[in-house]
*Asks:* 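Below is a structure I'd like to ask you about.
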Number of protein chains: 2
Amino acid sequence: MTVLQGALADRDSWSAVGHCPIEKTMAIAGTKSAMLIMREAFYGTTRFDDFAQRVGITKAATSARLAELVEAGLLTKRPYREPGQRSREEYVLTDAGTEFMPVVWAMFEWGRKHLDDSRLRLTHIGCGAEAGVEIRCAAGHEVPPDEVGMRLVRRASVRGS
Amino acid sequence: MTVLQGALADRDSWSAVGHCPIEKTMAIAGTKSAMLIMREAFYGTTRFDDFAQRVGITKAATSARLAELVEAGLLTKRPYREPGQRSREEYVLTDAGTEFMPVVWAMFEWGRKHLDDSRLRLTHIGCGAEAGVEIRCAAGHEVPPDEVGMRLVRRASVRGS
DNA sequence: CAGGATCCCTAAGGATACTG
DNA sequence: CAGTATCCTTAGGGATCCTG
């Protein structure tokens with residue numbers, strides 16, 4: 001249990017705290033349909049019916065999920081108007097929603113490697129090379145999974161977004 | 001919709017394929033309790049009752065979730081015996097389970113930044129610096145979210161695990 | 001300690017029909 | 001196109017009690 005460092009080493013005292021960011025994140029976007037809607041938003045889908053059709057859920061579910069994701073600040077509703085039509089709403093990623101994408105990509109990468117022989121790959125649009133999810137530290141090292149730890153800092157540290 | 005490159009640009013033809021790695025991954029570990037059990041396994045928890053208590057779910061739920069995660073290959077059951085006791089089972093991360101951790105860490109990071117003022121931080125145990133989830137391409141660039149794309153490759157490419 | 005059995009409640013989500 | 005309304009099924013999960 002070396003991953004919990006410093007004050008966290010006393011596992012049970014920390015466990016009592018109970019306010020885990022992972023838990024809160026799952027409460028917001030922890031359903032299959034919410035995750036797939038985020039995928040679609042990343043792919044560029046903005047219209048209600050397109051979400052419903054491409055995610056493969058009913059309109060009722062689409063409506064509920066979109067409302068929750070807007071409420072949570074991952075998506076935002078924006079009015080648009082096509083010529084000769086009344087004004088409607090479209091759904092686009094917010095900054096917070098865009099910052100959520102690593103979650104989706106990490107799932108994509110894991111599923112691709114372990115469940116699928118899919119020929120889909122993440123790429124860096126700029127240079128065309130394949131891309132993947134990595135852990136890096138502020139000192140610039142790529143951190144392998146068994147060297148990732150968890151620590152309690154005194155107050156908000158500098159490393160923001 | 002520039003993120004879908006090449007053959008994928010025809011959004012609807014690809015949509016019909018319908019076998020998305022994200023969806024499959026969510027089907028396996030897409031519940032709050034499964035995700036928290038993975039967090040606990042990473043923290044070093046191995047015992048049934050510890051999972052139940054620290055995740056905050058009943059033993060019935062613990063039993064069901066652990067069995068699913070073992071079945072899916074993320075955890076493995078290993079017998080152990082304490083002196084004077086009968087043999088019991090403990091649950092440890094497999095390689096596939098360890099490779100799943102970026103999903104958990106990405107959720108942790110997003111929740112920490114957007115929902116929480118938690119003082120918990122990911123760290124690189126080796127050097128002590130704070131760590132975070134990044135996208136990098138094979139050419140070594142750090143890829144910002146708006147430069148991540150999705151492409152269909154001819155067959156399995158070299159970049160494996 | 002590591003479960004299984006039972007009962008009950010809630011949220012996710014399908015199917016279908018209807019509306020502005 | 002973008003929803004709302006109604007009805008129904010299923011899975012997650014709490015509570016409680018019991019077992020090896």
Side-chain angles (χ1 to χ4, degrees), chain A residues 11-12 18 20 22-41 45-72 75-92, chain B residues 11-12 18 20 22-41 45-72 75-92:
Chain A
R11 182 64 184 76
D12 289 308
C20 170
I22 301 168
E23 189 170 352
K24 294 185 182 177
T25 301
M26 281 300 286
I28 286 178
T31 66
K32 195 169 78 170
S33 56
M35 206 64 71
L36 296 184
I37 283 178
M38 292 304 293
R39 175 202 69 185
E40 280 308 316
T45 299
T46 61
R47 305 298 176 79
F48 184 94
D49 275 21
D50 288 338
F51 279 113
Q53 185 208 331
R54 292 171 181 168
V55 172
I57 56 179
T58 62
K59 294 185 183 187
T62 305
S63 177
R65 235 44 64 215
L66 284 176
E68 289 163 12
L69 291 171
V70 166
E71 164 73 24
L75 299 178
T76 187
K77 255 158 81 161
R78 203 167 57 184
Y80 75 97
R81 181 191 299 265
E82 288 192 346
Q85 300 276 29
R86 70 170 173 83
S87 178
R88 298 175 190 282
E89 304 283 349
E90 64 181 357
Y91 299 84
V92 294
Chain B
R11 182 65 183 77
D12 288 308
C20 170
I22 302 168
E23 190 170 352
K24 295 184 181 177
T25 301
M26 281 300 287
I28 288 178
T31 67
K32 196 169 77 171
S33 56
M35 206 63 74
L36 296 184
I37 283 177
M38 292 304 292
R39 174 201 69 184
E40 281 308 316
T45 299
T46 62
R47 307 295 178 80
F48 184 92
D49 275 20
D50 288 338
F51 279 114
Q53 185 207 332
R54 292 171 181 167
V55 171
I57 56 179
T58 63
K59 294 185 184 187
T62 305
S63 177
R65 235 43 63 213
L66 284 176
E68 289 163 12
L69 291 171
V70 167
E71 164 74 24
L75 299 179
T76 187
K77 254 158 81 160
R78 202 167 57 184
Y80 75 96
R81 181 191 301 264
E82 289 192 345
Q85 299 275 28
R86 70 170 172 83
S87 178
R88 299 175 189 283
E89 303 284 348
E90 65 181 357
Y91 299 84
V92 293

*Asks:* Under 4.0 Å from OP1 or OP2 of dG13(C): is there any side-chain N or O of S33(A) that close?
*Replies:*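 For dG13(C), OP1/OP2 do have a side-chain N/O of S33(A) under 4.0 Å.
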*Asks:* I need the minimum non-hydrogen distance between A29(A) and L69(A), along with the two atoms involved.
*Replies:*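 Heavy-atom minimum between the residues: CB-CD2, 4.4 Å.
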*Asks:* Using heavy atoms to find the nearest nucleotide of DNA chain C for R88(A) and G56(A) separately, return the residue whose nucleotide is more 5′.
*Replies:*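 Checking each residue's closest nucleotide, the 5'-ward one belongs to G56(A).
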*Asks:* Closest approach to the side chain of K59(A), judged atom by atom: which nucleotide of dG13(C), dG3(C), dG3(D) is it?
*Replies:*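 So the nucleotide nearest the side chain must be dG3(D).
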*Asks:* Do the non-hydrogen side-chain atoms of F48(A) and E89(A) ever get within less than 4.5 Å of each other?
*Replies:*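 No, side chains not in contact.
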*Asks:* Quick one: are L36(A) and I57(A) in side-chain contact, heavy atoms under 4.5 Å?
*Replies:*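 No - every pair of side-chain heavy atoms lies 4.5 Å or more apart.
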*Asks:* At a heavy-atom distance below 4.0 Å, what parts of residues 61-70 of chain A sit against DNA chain C?
*Replies:*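 Output list: A61(A), R65(A).
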*Asks:* Using 4.0 Å as the upper bound for N to carboxylate O, is an ion pair formed by E40(A) and R65(A)?
*Replies:*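 Judged by the 4.0 Å cut-off on N to carboxylate O distance, R65(A) and E40(A) do not form a salt bridge.
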*Asks:* Taking only the side-chain heavy atoms of I57(B) (C-beta and beyond), determine which of dG14(D), dC1(C), dG12(D) contains the nearest atom.
*Replies:*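 For the I57(B) side chain, the nearest candidate turns out to be dG14(D).
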*Asks:* Taking all non-hydrogen atoms of both residues, which atom of Y80(A) and which atom of R47(A) are closest, and how far apart?
*Replies:*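 Scanning both residues completely, I find the closest heavy atoms to be OH-NH1, 3.2 Å.
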*Asks:* Are V55(A) and T45(A) close enough, and set up right, to give a side-chain contact (heavy atoms from CB on, under 4.5 Å), and what steps lead you there?
*Replies:* CA-CA 10 Å; V55(A) 172; T45(A) 299; over 6 Å; no
*Asks:* If I take atom CD1 in residue I37(B) and atom P in nucleotide dG3(C), what distance separates them, rounded to the nearest angstrom?
*Replies:*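 The distance from CD1 of I37(B) to P of dG3(C) comes to 12 Å, rounded to the nearest Å.
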*Asks:* With a 3.5 Å distance limit and no angle check, can you tell me whether T62(B) reaches the backbone of T58(B) through a side-chain donor-acceptor pair?
*Replies:*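 Yes, T62(B) side chain to T58(B) backbone: donor-acceptor pair under 3.5 Å.
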*Asks:* Over how many whole Å does the gap from E89(B) atom CD to dG20(D) atom C1' extend?
*Replies:*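 Result: 14 Å.
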*Asks:* To the nearest Å, how far apart are R78(A) CZ and dA2(D) P?
*Replies:*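 Roughly 13 Å, once rounded to whole Å.
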*Asks:* With nearest nucleotides of DNA chain D determined for A60(A) and Y80(A) from heavy-atom distances, which residue corresponds to the more 5′ nucleotide?
*Replies:*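 The residue closer to the strand's 5' end, by nearest nucleotide, is Y80(A).
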*Asks:* Nearest whole angstrom, please: distance from the P of dA2(D) to the CZ of R54(A).
*Replies:*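 Spelled out: CZ on R54(A) to P on dA2(D) is 11 Å.
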*Asks:* Would you mind classifying the nucleic acid contact of Y91(B) as base, sugar-phosphate or nothing, using non-hydrogen atoms under 4.0 angstrom?
*Replies:*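 If one applies the 4.0 Å heavy-atom cut-off, Y91(B) turns out to touch the sugar-phosphate alone, with no base involved.
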*Asks:* I need the minimum non-hydrogen distance between K32(B) and M26(A), along with the two atoms involved.
*Replies:*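 Closest heavy-atom pair between K32(B) and M26(A): N-CE, 3.6 Å.
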*Asks:* What is the distance, to the nearest angstrom, from the CD atom on Q53(B) to the P atom on dG3(C)?
*Replies:*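 Whole-Å distance recorded here is 16 Å.
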*Asks:* Once you measure the plane-to-plane angle for F51(A) and Y91(A), does it fall in the parallel (<30°), tilted (30-60°) or perpendicular (>60°) bin?
*Replies:*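 The rings of F51(A) and Y91(A) stand perpendicular, inter-plane angle above 60°.
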*Asks:* What is the separation between atom NZ on K32(A) and atom C1' on dG12(D), rounded to the nearest whole Å?
*Replies:*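 My rounded result for the distance is 15 Å.
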*Asks:* CD of E90(A) versus C1' of dC1(D): gap in Å, rounded?
*Replies:*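 Going from CD in E90(A) over to C1' in dC1(D) covers 13 Å.
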*Asks:* For a quick check of understanding: with a heavy-atom distance under 4.0 Å over all strands, which category does R86(B) fall into, base, sugar-phosphate or nothing?
*Replies:*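 Base contact.
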*Asks:* Can you tell me which nucleotide in dG14(D), dC1(C), dC1(D) comes closest to the side chain of D49(A)?
*Replies:*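 Between dG14(D), dC1(C), dC1(D), the one nearest the side chain of D49(A) would be dC1(D).
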*Asks:* For the helix from dC1(C)-dG20(D) to dG20(C)-dC1(D), what angle lies between the axis at the first five pairs and the axis at the last five pairs, to 10 degrees?
*Replies:*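 Between the axes fitted at each end of the helix from dC1(C)-dG20(D) to dG20(C)-dC1(D) lies an angle of 40°.
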*Asks:* Minimum heavy-atom separation for R39(B) and R54(B), please, with both atom names.
*Replies:*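 The answer is NH2-O, 3.5 Å.
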*Asks:* Mind calculating the distance between CZ (F48(A)) and P (dT19(C)) to the nearest angstrom?
*Replies:*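 For the pair F48(A) CZ and dT19(C) P, the rounded distance is 17 Å.
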